[in-house]
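Each remark here refers to the structure printed beneath this line.
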Number of protein chains: 2
Amino acid sequence: MKTDSSQGLIETCAVKGIHPDVIARVESNMPEAVHLYELSDLFKAFGDSTRIGILWALSISELCVCDLCALLKMKQPAVSHQLRNLKQARIVKSRREGKVVFYSLDDEHVARLIRLGMEHVREQGR
Amino acid sequence: MKTDSSQGLIETCAVKGIHPDVIARVESNMPEAVHLYELSDLFKAFGDSTRIGILWALSISELCVCDLCALLKMKQPAVSHQLRNLKQARIVKSRREGKVVFYSLDDEHVARLIRLGMEHVREQGR
DNA sequence: TTATTATATGCTCATATATTCATATGATGA
DNA sequence: TCATCATATGAATATATGAGCATATAATAA
């Protein structure tokens with residue numbers, strides 16, 4: 001319930017923040033909480049070196065689990081577990097061909113996000 | 001040490017992967033390991049709902065700690081801890097004005113990444 | 001100086017998560 | 001059918017991490 005929020009009046013921090021007008025303006029531009037959660041979950045899925053390795057590799061080419069293991073020099077269960085995470089997050093999709101399962105990115109946004117992130121990293125490395 | 005990697009020959013999975021030619025092609029497009037680590041660290045910094053809330057808010061306006069607390073309805077130490085994480089990751093910067101410390105994004109990439117991620121989230125919500 | 005306000009930080013607990021091993025499942029071919 | 005290969009999964013363990021409390025620091029004003 002919002003009672004008072006008279007404009008511009010500086011109130012004490014502990015309760016309401018110092019700049020109610022700024023807060024109000026920012027608040028009106030905030031996404032719904034649910035969307036923020038989904039967004040942080042998306043980034044969380046990128047926030048692990050194994051998964052980023054997987055995703056970068058898949059941004060080059062569809063790959064089977066086995067090849068991913070060789071590429072990342074990691075054990076098969078570790079790779080499979082991370083693939084499951086990525087699949088549950090709807091970031092990758094899979095396709096079975098006989099015994100082999102091929103994984104690929106489920107969306108073009110993913111590759112764009114990764115490239116943009118790398119751009120940032122490289123510039124920071126300066 | 002690479003000894004053999006004769007072209008196209010399908011080898012057994014456990015050791016070398018099934019498709020050595022594909023692996024080689026992807027491998028040549030992989031960034032250095034260090035960069036992948038930095039990239040996953042970057043995304044890790046986005047991978048928490050508190051931090052994403054902070055970052056989205058800062059993408060609208062520079063804000064002081066106090067206002068962020070009010071905006072996110074979170075306790076001050078929690079917000080400060082996350083701000084420290086973000087600062088160490090060089091994602092936000094701070095500026096002191098008397099007792100008040102204002103935080104803002106340290107780089108335009110950050111806002112772009114967040115918007116692009118949100119685009120993805122909204123489309124998936126379909 | 002002391003008091004007050006805004007922010008930072010050390011410590012702890014609880015929880016989340018990544019990897020490993022062992023094993024299960026699924027597909028193929030003998 | 002059985003054996004083999006590729007992948008998936010359950011359980012256990014180790015590590016990472018977020019939030020809370022208490023308290024420290026920094027700036028200002030009385």
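Letters A, B, ... are given to chains in the order of the sequence lines, protein chains preceding strands, and every chain is numbered from 1. Note that the structure is predicted; figures quoted are calculated from it, not measured. All values below come from the heavy atoms of this structure, side chains included, with hydrogens, waters and symmetry mates left out.
- Side chain of K93(B) to backbone of L105(B): a donor-acceptor contact under 3.5 angstrom is found.
- The backbone N or O of I60(B) sits nowhere less than 3.5 Å from a side-chain atom of N29(A) that would complete a donor-acceptor pair.
- Taking the charged nitrogens against the carboxylate oxygens, E97(A) and R95(A) do have a contact shorter than 4.0 Å, which makes a salt bridge.
- Rounded to a whole Å, the CZ atom of R96(A) is 8 Å from the P atom of dG26(C).
- Atom CD1 in I18(A) sits roughly 13 Å away from atom C1' in dT28(D) (whole-Å rounding).
- Listed in residue order, the members of residues 72-83 of chain A having a heavy atom less than 4.0 Å from DNA chain C are M74(A), K75(A), P77(A), A78(A), H81(A), Q82(A).
- Contact annotation: R51(A) side-chain N/O to dA18(C) OP1/OP2 distance is under 4.0 Å.
- Using a 4.5 Å heavy-atom threshold, the side chains of L36(A) and M30(A) count as touching.
- E97(B) has its CD atom 13 Å from the P atom of dA27(D), to the nearest Å.
- L63(A) and L68(A) get closest at one heavy-atom pair: CD1-CD2, 3.8 Å.
- With DNA chain C read from its 5' end, the first of the two nearest nucleotides for G98(A) and V101(B) is the one closest to V101(B).
- Within the cation-pi definition used here (under 6.0 Å to the ring centroid, within 45° of the axis), R115(B) qualifies as a partner of W56(B).
- Within a heavy-atom distance below 4.0 Å of DNA chain C, the residues of residues 38-48 of chain A found are K44(A), D48(A).
- Below 30°, between 30° and 60°, or above 60°: for F43(B) and F46(A) the angle between ring planes is between 30° and 60°, a tilted geometry.
- Proximity of a side-chain donor or acceptor of R51(A) to a complementary backbone N or O of L83(A) within less than 3.5 Å is not detected.
- Positionally, the nearest nucleotide of DNA chain D for C64(A) lies more toward the 5' end than for the other of C64(A) and T50(B).
- Within a heavy-atom distance below 4.0 Å of DNA chain D, the residues of residues 84-95 of chain B found are N85(B).
- For the pair R90(B) (side chain) and Q124(A) (backbone), a donor-acceptor distance under 3.5 Å is present.
- For the pair K99(A) NZ and dG29(C) P, the computed distance is 7 Å after rounding to whole Å.
- With contacts defined as side-chain heavy-atom distances shorter than 4.5 Å, the pair S94(B)/K87(B) qualifies.
- Contact check, Y103(B) against dA8(C): a side-chain N or O comes under 4.0 Å of OP1 or OP2.
- At most 12 heavy atoms of other shown residues, nucleotides or ligands fall within 6.0 angstrom of atom OH in Y37(A).
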